[in-house]
Number of protein chains: 2
Amino acid sequence: MVTAPPVPAKRRKSASWTQDPEGVRRDILAVARAEFVENGLSGARVDEIAAKTSNSKRMIYYYFGDKEGLYRAVLEEAYARIRTFERSLDLAALPPREAIATLTGFTFDYHADNPDFVRLVMIENIHHARHLATSTKISVLNLSAIDMIREVYERGLAEGVFREGLDPIDIHLTISALSFYNVSNQASIRQVFGHDMAAPAARERRRRSAIETVLRMVCR
Amino acid sequence: MVTAPPVPAKRRKSASWTQDPEGVRRDILAVARAEFVENGLSGARVDEIAAKTSNSKRMIYYYFGDKEGLYRAVLEEAYARIRTFERSLDLAALPPREAIATLTGFTFDYHADNPDFVRLVMIENIHHARHLATSTKISVLNLSAIDMIREVYERGLAEGVFREGLDPIDIHLTISALSFYNVSNQASIRQVFGHDMAAPAARERRRRSAIETVLRMVCR
DNA sequence: GACCAATTGAACTATCCCGTACAATTGGAA
DNA sequence: TTCCAATTGTACGGGATAGTTCAATTGGTC
């Protein structure tokens with residue numbers, strides 16, 4: 001008669017296995033982001049995220065505390081990315097008109113290319129931006145984008161190509177609205193009007209329209 | 001000795017109480033709408049809706065089948081309302097420029113005055129407009145708004161006040177984007193830029209900007 | 001008044017789902 | 001090697017949650 005071995009040869013992942021906390025974090029974050037983007041904060045399931053990770057649910061709680069902590073981390077990463085994008089623009093090198101056109105085009109493209117970001121912002125707004133408010137990593141007041149626009153706008157005023165009386169915030173809101181809406185409301189636009197804004201032709205057409213609209217708004 | 005009354009005086013709601021299915025439906029719908037708008041589809045709780053109703057949870061399932069059926073009913077009502085609003089506009093009576101300005105102003109106001117509608121549309125888009133797609137009561141193709149714009153646009157072309165080459169869809173998308181974004185993203189705008197778009201002064205300023213922007217877009 | 005279909009109430013269930021207890025393993029410091 | 005703190009796996013608990021069961025009540029019709 002053979003007794004079962006006392007330790008039933010519990011398999012290690014590989015012969016000699018190294019810990020990789022950063023890798024684990026990144027893996028979890030990527031999966032979590034996809035789940036939150038797809039299902040929202042309430043709709044996402046921690047068990048589902050864990051299952052799609054190469055790690056166990058225990059890790060999520062170890063690294064992120066709870067579901068909201070995980071969501072906050074996803075949100076922080078998304079905002080960090082767009083801040084990086086914004087900083088990468090060098091509008092000061094361009095004449096005012098071209099600067100505004102370039103900014104609008106890039107903003108439009110960033111939104112169209114990153115629907116995940118757009119959906120996260122939608123989800124966060126459904127929650128009244130409660131997590132943006134409590135996050136310590138997301139600097140609450142981000143005025144660099146506005147400052148960039150102000151610099152260009154004043155240059156355009158000085159050169160006499162822009163009309164007076166505009167608020168940089170207003171310019172920013174217009175650019176954002178024209179970039180955000182097509183992506184955020186893509187599904188309902190398709191249902192109600194039968195137009196697929198994600199199709200290359202429609203997207204390109206809309207992009208040109210956005211740039212033209214913003215230029216007509218600011219130019220004399 | 002007095003025996004307890006055979007039926008222990010189970011209290012009727014009032015002396016003589018009448019059934020009112022339509023009232024029950026309306027009551028449930030109003031409460032459900034508030035809950036869905038506040039918490040989203042996944043976040044809303046049927047028990048919570050039932051508790052805030054003057055009826056029991058049983059009624060919700062009796063009249064609406066399940067949670068999604070209730071949500072669909074809320075959505076259908078919201079879309080029915082904005083269709084009514086759209087039909088109430090009589091742009092044909094106005095000269096083209098004024099017609100576009102009026103349409104933009106009214107659309108802006110409708111969104112600002114009905115954040116519930118805006119949030120429902122956001123929520124529906126998070127769910128990829130799946131319920132808009134399956135609803136039988138919401139006519140999937142709603143082209144009346146587009147047709148209205150096309151009529152005005154062609155009138156403006158004929159009179160030589162509008163520039164050529166625009167797509168009515170594009171005009172509609174621009175008006176919608178400029179009306180929707182301030183409301184849908186109100187919370188994140190406040191967090192990130194410290195601006196409260198719901199404040200009367202900011203709202204009025206933005207309204208004027210939207211009208212001006214659309215006019216500059218379409219006019220020669 | 002009797003009967004039936006529409007409506008309603010109260011308690012219940014099965015499942016889902018977030019989070020935790022506890023033990024085990026690992027890497028590195030001494 | 002030894003020991004400790006940082007990680008990680010397994011199994012489970014407790015409460016929330018959508019939806020149901022079953023019977024009772026109601027209003028209208030004959």
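By convention in this document, chain letters (A, B, ...) are assigned in the order of the sequence lines, proteins followed by strands, and residues within each chain are numbered from 1. Being a predicted model, the structure only gives us computed values, none of them experimental.
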Between atom [atom1] in [X] and atom [atom2] in [N], what is the gap in whole Å?
| X | N | atom1 | atom2 | result |
| --- | --- | --- | --- | --- |
| B:I60 | C:dT8 | CD1 | P | 13 Å |
| B:N39 | D:dA16 | CG | P | 16 Å |
| B:L70 | D:dG19 | CG | P | 10 Å |
| A:D27 | D:dT7 | CG | P | 16 Å |
| A:M59 | C:dC18 | CE | C1' | 16 Å |
| B:Y62 | D:dG19 | OH | P | 18 Å |
| B:L41 | D:dT17 | CG | P | 14 Å |

Rounded to the nearest 0.5 Å, what separates atom [atom1] in [X] from atom [atom2] in [Y]?
| X | Y | atom1 | atom2 | result |
| --- | --- | --- | --- | --- |
| A:D170 | B:R205 | CG | CZ | 6.0 Å |
| A:I175 | A:T107 | CD1 | OG1 | 6.0 Å |
| A:M59 | A:S54 | CE | OG | 11.5 Å |

- Answer with base, sugar-phosphate or nothing: what part of the nucleic acid does B:Y63 contact at a heavy-atom distance below 4.0 Å?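 Answer is sugar-phosphate: B:Y63 comes under 4.0 Å of backbone atoms only.
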
- Task: Would you mind classifying the nucleic acid contact of A:A44 as base, sugar-phosphate or nothing, using non-hydrogen atoms under 4.0 angstrom?
- Result: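 Answer is sugar-phosphate: A:A44 comes under 4.0 Å of backbone atoms only.
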
- Side-chain N or O of A:R45 closer than 4.0 Å to phosphate OP1/OP2 of C:dC16: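 It does not, given that no N or O in the side chain of A:R45 lies less than 4.0 Å from OP1 or OP2 of C:dC16.
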
- Message: With a 4.0 Å cutoff (strictly under), does any side-chain N or O of B:S56 reach OP1 or OP2 of C:dG9?
- Response: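 For C:dG9, OP1/OP2 do have a side-chain N/O of B:S56 under 4.0 Å.
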
With 3.5 Å as the limit, what N/O pairs link the protein to nucleotides 19-22 of chain C?
from	atom 1	to	atom 2	distance (Å)
C:dG19	OP2	A:Y61	OH	3.3
C:dG19	OP2	A:K67	N	3.0
C:dG19	N7	A:K57	NZ	3.0
C:dG19	O6	A:K57	NZ	2.4
C:dA21	N6	A:R58	NE	3.4

- Item | Pair A:E35 + A:K52, salt bridge at N-O below 4.0 Å |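 Yes, charged N to carboxylate O under 4.0 Å.
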
- Report the residues that fulfil ring pair (Phe, Tyr, Trp, His ring centres under 6.0 Å) with A:F85, sequence neighbours left out, ordered by chain and then residue number.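 Residues passing ring pair (Phe, Tyr, Trp, His ring centres under 6.0 Å) with A:F85: A:Y110.
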
- Sequence-distant partners of B:Y71, ring pair (Phe, Tyr, Trp, His ring centres under 6.0 Å), two or more places apart: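 With neighbours one apart ignored, the set is B:F36, B:H131.
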
- Message: Could you check whether A:Y79 and A:F117 have their ring centres less than 6.0 Å apart?
- Response: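 Ring centroids of A:F117 and A:Y79 are less than 6.0 Å from each other.
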
